[in-house]
Structure formats: structure tokens, C-alpha cells
Amino acid sequence: VQLQASGGGLVQAGGCLRLSCAASGRPLSSYGMGWFRQAPGRERDFVAAIWLSGGTPYYAESVKGRFVISRDNAKSTVYLQMNNLEPEDTAVYYCATHRSGLIAAPASWVNWGQGTLVTVSS
């Protein structure tokens with residue numbers, strides 16, 4: 001499966017963005033899906049995950065209550081709605097499919113998309 005992330009951009013603090021991750025090659029419904037982010041000079045950090053038929057999503061504590069992950073299997077697309085953005089949310093955001101193991105560990109995920117840059121100004 002190939003993943004293409006989009007929707008990043010420049011936004012002021014308190015604003016919102018919606019990221020999309022479109023899958024091709026295989027149905028998105030075959031995978032648990034997740035979002036990670038990587039700020040300059042930092043490691044890639046877990047943001048959110050959603051499983052095959054939806055269910056209860058998982059969120060990093062830093063985004064809980066502000067970000068919402070969702071999926072549309074018919075469109076083979078996963079979304080990340082980001083509200084009340086903070087400068088600390090500035091990063092390149094990546095989507096990936098879950099292989100196995102710890103949700104928050106990047107090594108548990110494969111098929112990384114190319115990333116989309118989110119910049120939040122103060």
C-alpha cells in the first residue's frame with residue numbers, strides 16, 4: 001500500500017487544520033492506521049491511531065481533546081482533524097499502517113507516507 005499525506009500548511013495558534021492520508025494499492029480497511037509527527041531535531045512521535053472498523057482511537061496525551069482521528073474506508077482515507085493548534089504542534093506529520101507491537105513505537109508501523117508540514121505561528 002502507498003500512502004499520501006496532505007493538508008498541511010501555515011496556521012496561527014488557536015487555528016485548525018485537517019490532514020488527509022489517502023491509500024492506494026490496497027484497501028485501507030485492511031489496516032490499523034496512525035499519525036506520527038516529527039519536529040526539527042526531534043524523534044518521530046506518536047499522535048493518534050485508529051483501528052480497522054473504527055472503534056476507540058488512541059491519542060498522545062499532548063493532543064488529546066484537540067485532535068480527532070477518523071477514517072473513511074470507502075474513500076481509503078484517514079483524517080486528522082487538528083483543533084486549537086499550538087506552536088508546539090509544528091512538525092512534519094506522517095501517516096502509516098500498523099504492523100505489530102506497541103502503538104506508540106515508530107518501529108511498529110510501516111508504509112510511511114511522505115509527510116506533510118504543519119507550521120503553527122504564535
Side-chain angles (χ1 to χ4, degrees):
V1 64
Q2 293 79 45
L3 302 178
Q4 179 82 27
S6 62
L10 174 63
V11 64
Q12 289 187 329
C16 58
L17 283 173
R18 188 177 80 156
L19 305 184
S20 298
C21 174
S24 61
R26 288 193 65 179
L28 194 67
S29 56
S30 301
Y31 302 97
M33 298 297 300
W35 288 95
F36 282 71
R37 65 186 181 186
Q38 188 165 18
R42 299 191 60 176
E43 295 183 348
R44 192 167 294 189
D45 293 327
F46 170 76
V47 175
I50 189 167
W51 304 114
L52 296 180
S53 59
T56 302
Y58 288 86
Y59 297 97
E61 284 298 321
S62 59
V63 306
K64 199 174 290 186
R66 300 188 298 122
F67 290 12
V68 178
I69 188 171
S70 62
R71 65 190 299 157
D72 186 335
N73 289 336
K75 295 182 178 179
S76 284
T77 302
V78 173
Y79 304 98
L80 186 68
Q81 177 68 43
M82 305 187 296
N83 302 317
N84 193 21
L85 282 160
E86 303 169 351
E88 293 74 22
D89 296 317
T90 295
V92 177
Y93 284 70
Y94 299 89
C95 56
T97 61
H98 187 252
R99 178 177 55 187
S100 64
L102 295 174
I103 296 170
S108 299
W109 300 79
V110 293
N111 299 317
W112 295 91
Q114 89 291 352
T116 185
L117 176 62
V118 172
T119 303
V120 184
S121 62
S122 57

- prompt: Out of curiosity, Lys64 NZ to Tyr58 OH, how far, rounded to the nearest 0.5 Å?
  reply: 10.5 Å
query: If you round to the nearest 0.5 Å, how far is OG1 of Thr77 from CG of Leu19?
result: 12.5 Å
query: CG of Leu80 to CG of Leu17: how many Å apart, nearest 0.5 Å?
result: 9.5 Å
message: If you compare all heavy atoms of Gln81 against all heavy atoms of Cys16, which two are closest, and at what distance to 0.1 Å?
response: NE2-CB, 4.0 Å
task: Before giving the answer on side-chain contact (heavy atoms from CB on, under 4.5 Å), spell out for Thr56 and Trp51 the whole-Å C-alpha distance, their side-chain angles and the decisive distance to 0.1 Å.
output: CA-CA 8 Å; Thr56 302; Trp51 304 114; over 6 Å; no
field: Thr97 side chain vs Val110 backbone, donor-acceptor pair below 3.5 Å
entry: yes
- line: In terms of heavy-atom contacts, Thr116 and Gly7 come closest through OG1-N, 3.9 Å
task: Mind listing the closest non-hydrogen atom pair of Thr90 and Val120 along with its distance?
output: OG1-N, 2.9 Å
- prompt: Among all residues two or more places apart in sequence or in another chain, which pass the salt bridge (charged side-chain N to carboxylate O under 4.0 Å, His left out) test with Glu86?
  reply: Arg66
- prompt: Where the side chain of Ser108 meets the backbone of Leu102, is there a donor-acceptor pair that is under 3.5 Å apart?
  reply: yes
statement: In short, ring pair (Phe, Tyr, Trp, His ring centres under 6.0 Å) pairs touching residues 99-122 with sequence neighbours left out are Phe36-Trp109, Phe36-Trp112, His98-Trp109
message: Suppose we screen for ring-ring contact (aromatic ring centres under 6.0 Å, His included). Which residues come up paired with Trp35, at least two apart in sequence or across chains?
response: none
- prompt: At their closest point, which heavy atom of Val68 faces which heavy atom of Tyr59, and how far apart are they?
  reply: CA-OH, 3.3 Å
Partner residues of Tyr79 under the ring-ring contact (aromatic ring centres under 6.0 Å, His included) criterion, sequence neighbours left out: none
Closest contact, heavy atoms only, Leu3 versus Ala23: CD2-CB, 3.7 Å
- request: Look only at the side chain of Gln114 and the backbone of Ala5, and say whether a donor-acceptor pair between them is shorter than 3.5 Å.
  value: yes
message: Enumerate the salt bridge (charged side-chain N to carboxylate O under 4.0 Å, His left out) contacts for residues 14-38, please, sequence neighbours excluded, ordered by first and then second residue.
response: Arg37-Asp89
CG-CE distance between Asn73 and Met33, expressed to the nearest 0.5 angstrom: 10.0 Å
message: My understanding is that only residues two or more places apart in sequence, or in another chain, count here; which of them pass salt bridge (charged side-chain N to carboxylate O under 4.0 Å, His left out) with Lys75?
response: none
message: If we ignore hydrogens and angles and just use 3.5 Å, is the side chain of Ser76 paired with the main-chain N or O of Pro27 as donor and acceptor?
response: no
- prompt: If you measure from OH on Tyr94 to CG on Asn111, what distance do you get to the nearest 0.5 Å?
  reply: 15.5 Å
query: Considering all heavy atoms of both residues, which atom of Ser122 and which atom of Ala13 are nearest to each other, and what is their separation?
result: CA-CB, 4.3 Å
task: Measure from the side-chain N and O atoms of Arg71 to the backbone N and O of Leu28, and report whether any donor-acceptor pair falls under 3.5 Å.
output: yes
